[in-house]
Amino acid sequence: MHYPNLEVTQALKSVLTDPATRKSSEPGLFQCLVVSEDALRRDMLRRSAEQSGWETVVCTEADSALRIALRTLLQLAIVDLESATGQRPEGFDPLLRKLAETSDILLVACGNDGNIQEEIWARQLGVWLYLPAVIDVEGMTTMCDEARQIADRRVAFS
C-alpha cells in the first residue's frame, strides 16, 4: 500500500500560498496568524507563537493574510503595525478591522512605540492586546501562552 508523502504535500501547499507560509509546532486545532512586513519581527512573532503550541500561518502582506483569515479557523492573530516610518503598512488598517469583526479571534496589534493615536484606534476596534514596540521573544511567548490558555478554556466550554 502506498501512502502519500505528507511533507511533500505540505511543502507544495506552502509554495502555492506564498507569501504566506504554514508551520506547525504540534498537532492541534489552535491556529495563529502572524502578519508582519519585517522579516526579523515576523520570525520572532512566529517563534513565540510556536513555542506556546500554536500552529502558525505567516504572511508578509495584508492581502494574503485576509485570504488566509477568510478560509481558516483562527483563534489568534498577531498583526505587526510597526514600521520605520511610524505609519501602518499598506492594507493593514482594513485587515485589522476585518479581524476585529471576527469575535472568536484573539487579536493582538503590535504597534509603533509612542503612537497614542494608533493605540486608541486599535483599542476602539476591540483588539485583545495592543503592544507598542514589541522586541522581546520571552514576553511574546508569555502572551501567546496566555492566549493558548484562553483558547483551551473556550474549547472546554463550547
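Keep in mind that this is a model prediction, so the values were computed, not measured.
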Test salt bridge (charged side-chain N to carboxylate O under 4.0 Å, His left out) applied to [X] - qualifying residues, sequence neighbours left out:
{"X": "Asp113", "value": "none"}
{"X": "Arg42", "value": "none"}
{"X": "Glu118", "value": "Arg88"}

Can you pull the salt bridge (Lys or Arg N to Asp or Glu O under 4.0 Å) pairs that have at least one residue in [range], sequence neighbours excluded?
{"range": "residues 94-105", "value": "Lys98-Glu101"}
{"range": "residues 120-134", "value": "Glu119-Arg123"}
{"range": "residues 128-145", "value": "none"}

Check Asp152 with Arg148, please: is the shortest side-chain N to carboxylate O separation under 4.0 Å?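 A salt bridge links Arg148 with Asp152.
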Is there a side chain to side chain donor-acceptor pair (under 3.5 Å) between Ser64 and Glu61 once you walk through the steps? CA-CA 6 Å; Ser64 297; Glu61 57 185 37; 3.2 Å; yes
State, to 0.1 Å, how close Ser52 and Thr141 come at their nearest heavy-atom pair, and which atoms those are.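 Nearest pair, atom of Ser52 first, then Thr141: OG-O, 3.1 Å.
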Scan Val108, Leu106, Leu107 and name whichever one has a side-chain contact (heavy atoms from CB on, under 4.5 Å) with Ile78.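 One option only clears the test, and that one is Val108.
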Hey, quick one: are Ile116 and Leu131 part of the same hydrophobic cluster, counting side-chain heavy atoms closer than 4.5 Å, chains of contacts allowed?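 Each belongs to a different hydrophobic cluster.
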Checking the side chain of Gln75 only, and the main-chain atoms of Gln31 only, is there a donor and an acceptor separated by less than 3.5 Å?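 Yes: the side chain of Gln75 pairs with the backbone of Gln31.
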